[in-house]
Structures are given as structure tokens and as C-alpha cells.
Visitor: 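Dropping the structure in here first, questions after.
The shown structure was predicted, so the numbers you read here are calculated from the model rather than taken from an experiment.
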Amino acid sequence: MKKISSKVIKKFFNLIEDSKEFYKDFLKSDRGEGYIPEIYLEMQEFVYANDKYMSSLKEGLNGELNFADYNHIYCIGSSEKINITQLSKKIKNSKGYTSKVIKKLLMLRYIRTYQEEGNKKDVYIELTKNGRIAYEEICDKIENIEKDFYQFLWKNFSEEELKFLYSFFIKINKFQNEQITKL
């Protein structure tokens with residue numbers, strides 16, 4: 001991954017600030033649709049900050065695994081017994097993508113598959129010794145991130161606002177997924 005210089009980062013944020021100044025007059029004259037450019041800019045800033053946040057979390061973790069891999073390891077490690085279908089539902093990914101990650105984790109020997117006696121239909125997944133080590137590496141980080149995030153949400157938003165945010169992200173994600181299919 002290519003590192004971004006602090007000079008480029010400053011220019012990016014200056015551009016955002018300049019855009020905000022440009023839209024201030026526009027927002028004063030148009031109370032409805034005027035927020036749309038601001039929302040877009042804030043979303044772009046969120047995406048950028050989230051990427052930086054994820055990059056900093058990744059430091060010190062195993063380089064051959066990405067966050068999707070760690071997410072799968074975390075879900076497998078925090079489940080007593082799980083198969084690919086259950087895992088894909090828990091992570092909210094397609095079975096095809098989940099199978100691809102599972103193949104990678106099998107090849108790298110972080111997980112193993114097994115079948116219960118008398119049940120040749122279901123294939124279950126469990127962590128190997130290497131998988132347990134990776135799980136412990138990421139487990140505390142993920143749980144602390146989730147705890148801090150949930151506390152932030154409950155301290156800063158009412159239940160109604162949280163419902164709105166949930167609805168907003170569902171609609172935004174649906175829109176983006178539809179746009180991706182058009183590419």
C-alpha cells in the first residue's frame with residue numbers, strides 16, 4: 001500500500017474546507033436541497049478518515065491477512081460451531097465471497113473444516129492453532145472498537161436518531177450496490 005504524505009493530506013482537507021466555504025452561501029439561500037452537497041462532502045471525509053483509521057488498526061497485525069480475513073477469523077472464533085452459510089449470514093456477505101475467504105484461510109492454515117459423524121451434508125469450520133493466535137491478535141481490538149463505538153452512539157444520539165441513521169445507511173448502501181452493478 002502506498003503511503004500518503006502529510007502534505008497531500010493537508011491539501012485534501014484544505015480542499016474540503018474550501019468546498020464547505022463555497023457552499024455556505026448556497027446553504028443560506030436554499031434550506032432544502034442545499035444540504036445535499038454538504039452531506040456528500042461529509043461522507044467523503046468519513047470514508048477518508050475511516051480508511052486512515054483502518055490502516056492504523058492494521059499496523060502490527062499479520063501482513064498476509066486483510067480485515068475481511070480477520071473479520072471471518074473473529075466470527076469463526078467467537079462461534080461454537082459454524083458452517084459457511086451461517087458465517088456468510090453473520091458477516092452479511094455472499095456465500096461465494098465467504099467461500100473465497102475460507103479457501104484462503106484454509107490454504108494459510110488458519111482454519112480447518114470438519115464434518116460431524118452421521119452428517120455428511122454440513123461442513124463446519126474451526127480455527128487452527130495459527131487461527132487462534134490471529135483471533136487473539138484481533139479480538140481485543142475489535143471488541144474495544146465496538147464497545148467505544150456503541151458508547152459513542154448512545155451518548156450522542158437518541159433512539160429515534162439511531163433509527164434514522166440505520167435507515168439512512170441501509171438506503172445509501174443499497175444505492176451504492178446498485179451503482180456498482182452498473183459499472
Side-chain angles (χ1 to χ4, degrees), residues 1-5 8-9 12 39-116 121-154 162 165-183:
M1 180 181 222
K2 194 174 181 181
K3 288 217 173 196
I4 300 172
S5 73
V8 170
I9 293 169
F12 175 76
I39 291 169
Y40 180 78
L41 288 172
E42 291 300 326
M43 286 176 59
Q44 295 304 311
E45 191 171 338
F46 171 81
V47 168
Y48 173 78
N50 193 55
D51 286 346
K52 291 285 292 173
Y53 182 68
M54 289 300 178
S55 295
S56 67
L57 283 175
K58 201 171 179 182
E59 290 174 14
L61 297 177
N62 184 329
E64 66 188 355
L65 299 174
N66 60 38
F67 269 110
D69 302 332
Y70 273 108
N71 194 24
H72 284 74
I73 288 171
Y74 178 75
C75 287
I76 294 166
S78 60
S79 302
E80 271 188 50
K81 185 167 96 173
I82 195 164
N83 62 31
I84 291 176
T85 302
Q86 294 165 335
L87 181 62
S88 65
K89 286 180 183 176
K90 189 172 184 178
I91 294 180
K92 297 182 180 168
N93 281 330
S94 69
K95 281 175 59 175
Y97 180 75
T98 301
S99 295
K100 182 180 171 183
V101 174
I102 294 302
K103 275 185 182 178
K104 177 183 176 181
L105 295 175
L106 278 167
M107 189 181 72
L108 295 172
R109 299 183 184 192
Y110 284 95
I111 60 169
R112 74 174 195 87
T113 59
Y114 68 95
Q115 291 178 309
E116 293 180 330
K121 182 182 157 201
D122 293 324
V123 177
Y124 295 97
I125 310 157
E126 68 182 4
L127 297 176
T128 62
K129 185 179 178 184
N130 287 343
R132 274 274 151 221
I133 292 168
Y135 173 77
E136 289 169 10
E137 261 183 6
I138 198 69
C139 189
D140 285 340
K141 283 187 177 188
I142 288 177
E143 287 174 358
N144 286 334
I145 290 166
E146 286 178 352
K147 186 181 110 200
D148 291 346
F149 185 67
Y150 295 154
Q151 285 177 347
F152 166 78
L153 291 176
W154 285 114
L162 290 172
L165 284 172
Y166 178 72
S167 171
F168 173 80
F169 280 111
I170 295 276
K171 290 174 184 174
I172 289 291
N173 289 337
K174 182 181 178 194
F175 171 76
Q176 284 188 323
N177 286 324
E178 288 169 357
Q179 295 301 307
I180 289 169
T181 60
K182 291 179 185 178
L183 298 177

Visitor: Measure across Q115 and D122 and return the closest heavy-atom pair with its distance rounded to 0.1 Å.
Guide: CG-O, 3.4 Å

Visitor: Would you tabulate the side-chain donor-acceptor contacts of residues 174-183 under 3.5 Å, counting partners in other chains and residues two or more places apart, or write 'none'?
Guide:
from	atom 1	to	atom 2	distance (Å)
N177	ND2	N173	O	3.1
T181	OG1	E178	O	2.6

Visitor: If you round to the nearest 0.5 Å, how far is CG of L153 from CG of L162?
Guide: 5.5 Å

Visitor: Around R112, counting heavy atoms of other residues, nucleotides and ligands shown, do more than 12 lie under 6.0 Å from its CZ?
Guide: yes

Visitor: Do you know the tightest heavy-atom contact between L87 and H72?
Guide: CD2-CD2, 3.8 Å

Visitor: Can you tell me how far the CD1 atom of I82 sits from the CD1 atom of I91, to the nearest 0.5 Å?
Guide: 7.0 Å

Visitor: Which heavy-atom pair separates L65 from K104 by the least distance, and what is that distance?
Guide: CA-NZ, 4.4 Å

Visitor: More than 12 heavy atoms of other residues, nucleotides or ligands under 6.0 Å from OH of Y150: is that the case?
Guide: no

Visitor: Please examine the side chains of I73 and I76, heavy atoms only from C-beta on, and report whether any two atoms are closer than 4.5 Å.
Guide: no

Visitor: For the SG atom of C75 and the NZ atom of K89, what is their distance to the nearest 0.5 Å?
Guide: 14.5 Å

Visitor: Kindly give the heavy-atom pair with the smallest separation between K90 and S79, and that separation in Å.
Guide: NZ-OG, 2.8 Å

Visitor: Check S88 against T98 and note the closest heavy-atom contact, atom names and distance.
Guide: CB-OG1, 3.2 Å

Visitor: Could you give me the CA-CA distance, side-chain angles and deciding distance for Y48 and K52, then say whether side chain to side chain contact (heavy atoms under 4.5 Å, CB included) is met?
Guide: CA-CA 6 Å; Y48 173 78; K52 291 285 292 173; 3.9 Å; yes

Visitor: Looking at D148, is its backbone amide N or carbonyl O close enough to the side chain of Q151 to form a donor-acceptor pair, meaning the two atoms are under 3.5 Å apart?
Guide: no

Visitor: To the closest 0.5 Å, what do you measure between CD1 (I84) and CG (N93)?
Guide: 12.5 Å

Visitor: Determine, step by step, whether Y124 and E80 satisfy the side chain to side chain contact (heavy atoms under 4.5 Å, CB included) criterion, reporting the C-alpha distance in whole Å, the side-chain angles of both residues, the deciding distance to 0.1 Å, and the verdict.
Guide: CA-CA 10 Å; Y124 295 97; E80 271 188 50; over 6 Å; no

Visitor: Please report the closest heavy-atom contact between Y70 and I138, naming both atoms and the distance.
Guide: CD2-CB, 3.6 Å

Visitor: Would you indicate whether the side-chain heavy atoms of Y74 and E143 approach each other to under 4.5 Å?
Guide: yes

Visitor: State the CG-OH distance between N83 and Y114, to the nearest 0.5 angstrom.
Guide: 9.5 Å

Visitor: Looking at T128, T113, I125, which hits side-chain contact (heavy atoms from CB on, under 4.5 Å) with L106?
Guide: T113

